[in-house]
> 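This is the structure I have questions about; it appears just below.
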Amino acid sequence: MTALKTMAEKQNMAKRWALWGLFAVLSVAALISSLGTAFQTLPLNPDMAEMALIYQGTIHHGWRFPFTWRFTQDNQTLSLLPFALIFYALAGVSGASIIIQGWLIFVVNAVLTGVLVKVATKSWRWAGLAWLLTLLASPMAIGQPAILAYPVTHNSVWAFGLLGAIGLIRYFTDRPGWALPLLLVCVGVGTISDPWFDAAFTAPVLLLAWKSPKWFQTDKATRRALIKAVIITYIAGRIAYFGLELLHMVPGRGIGFASLSAMLHHLVLLASQKHGDTLAALPLPKWRADMDALGRLPRWLVWCSNPFISSEATDQPSRKGVAGIFWVIHRYHCNGFCADKLCPWYLGVTFPG
């Protein structure tokens with residue numbers, strides 16, 4: 001019996017190593033494939049080279065140079081600029097390095113997508129599947145026209161959205177000490193770096209906090225503490241953004257009302273995205289692919305893995321609550337611009353055009 005048990009253990013270990021080996025091979029292949037696809041963002045333009053230009057200006061003119069740069073509202077000063085400066089200091093500035101910088105944003109989001117699915121499902125297998133599916137996204141998603149691997153897009157700040165979602169789930173479930181600070185850091189970075197983040201992440205976090213007693217059986221004190229902390233962090237972020245305005249680094253963020261025709265137009269856009277959301281994340285170019293593919297994939301995998309969630313997760317709050325987090329954040333994330341035009345009095349920001 002002992003010999004048979006030892007043999008079975010060796011066979012299981014061999015299978016486990018074989019699976020890890022297969023996963024490693026597939027990961028390397030997917031990384032190489034996505035890197036090649038990222039070069040579909042060529043030819044370069046000044047927008048793509050913004051971070052490289054700021055790095056070169058800093059090298060030639062000193063650390064005062066970034067404060068003389070005129071950013072757009074989606075400035076990415078905290079979500080991307082510090083990391084881009086480190087990257088270009090190590091890799092140098094070239095056409096290839098600019099493309100690789102955008103590809104690395106895509107890879108980081110793929111990693112965080114896998115971690116997020118692991119937190120939700122308690123399964124490394126589903127996390128690995130999320131990682132691979134993200135890397136194998138449609139060429140139209142990675143390259144043109146969705147430009148997930150573009151060097152300067154909302155995808156850089158959405159990395160903090162994925163990180164914040166991880167902290168939010170852990171805060172609602174087992175409440176480790178780092179969960180709330182992580183969430184607040186992400187809200188602060190997103191508020192300063194990109195007004196789109198308000199609609200894509202901060203607003204749904206407040207909605208989820210309001211629904212948390214029903215979905216996660218949280219007490220009123222916990223809900224009140226979360227809402228208060230997020231609002232204070234958001235206000236602090238807006239004050240910091242106003243400081244950048246005073247330095248003439250960014251344009252003002254006005255408060256206005258959309259016209260009735262614009263509201264009706266964007267209501268149609270919101271309704272048109274109701275169906276086919278899941279399929280758009282999959283690696284088949286005949287399906288629609290756009291910038292929110294990474295926001296859809298975790299939710300799709302959580303729904304698919306619900307029957308297979310390990311027994312370790314049974315002591316956690318309901319699966320409906322976890323899946324609800326993905327649904328709410330996804331709906332606000334992919335419709336951030338539409339929501340901005342529809343409800344500017346709620347978001348406190350309007351975009352031109």
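Predicted model only: the values in this text are computed from it and were never measured.
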> To the nearest 0.5 Å, tell me how far Leu112 CG sits from Leu163 CG.
5.0 Å

> Should the ring pair Phe160 and Phe83 be called parallel, tilted or perpendicular, given that the plane angle runs from 0 to 90° and is split at 30 and 60?
tilted

> Is it the case that over 12 heavy atoms from other parts of the model lie below 6.0 angstrom from the CZ atom of Arg64?
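Counting neighbours around CZ of Arg64, 12 or fewer heavy atoms of other residues, nucleotides or ligands fall under 6.0 Å, so no.
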
> For side-chain contact (heavy atoms from CB on, under 4.5 Å), just list the numbers for Leu44 and Ile99, CA-CA rounded to whole Å, side-chain angles, deciding distance to a tenth of an Å, and then say yes or no.
CA-CA 8 Å; Leu44 294 177; Ile99 298 298; 3.8 Å; yes

> Using modelled atom types only, decide if a donor and an acceptor are shared between the side chain of His61 and the backbone of Gly57 within a distance under 3.5 Å.
no

> Surrounding CH2 of Trp178 (heavy atoms of other residues, nucleotides or ligands, distance under 6.0 Å), is the total greater than 12?
yes

> By the rule that ILVMFWY residues connect when side-chain heavy atoms come within less than 4.5 angstrom, directly or transitively, which residues belong alongside Ile232?
none

> Could you list all the salt bridge (charged side-chain N to carboxylate O under 4.0 Å, His left out) pairs where at least one residue sits in residues 160-172, not counting sequence neighbours?
Arg170-Asp174

> Out of curiosity, Trp158 CH2 to Asp194 CG, how far, rounded to the nearest 0.5 Å?
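Between Trp158 CH2 and Asp194 CG, I get 11.0 Å after rounding to 0.5 Å.
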
> Would you indicate whether Arg125, at its atom CZ, is surrounded by more than 12 heavy atoms from other residues, nucleotides or ligands within a distance under 6.0 Å?
no

> For the pair Ser33 (side chain) and Ala29 (backbone), establish whether a donor and an acceptor sit closer than 3.5 Å, ignoring hydrogens and angles.
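Flag not set: sc Ser33 to bb Ala29 has no pair under 3.5 Å.
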
> Can you measure from CG (Leu208) to OH (Tyr171) and round to the nearest 0.5 angstrom?
13.0 Å

> Check side chain to side chain donor-acceptor pair (under 3.5 Å) between Ser94 and all other residues, then give those that pass, not counting sequence neighbours.
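Partners of Ser94 under the side chain to side chain donor-acceptor pair (under 3.5 Å) test: Ser97.
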
> Examine distances only and state if a side-chain atom of Asn75 and a backbone atom of Ile192 form a donor-acceptor pair shorter than 3.5 Å.
yes

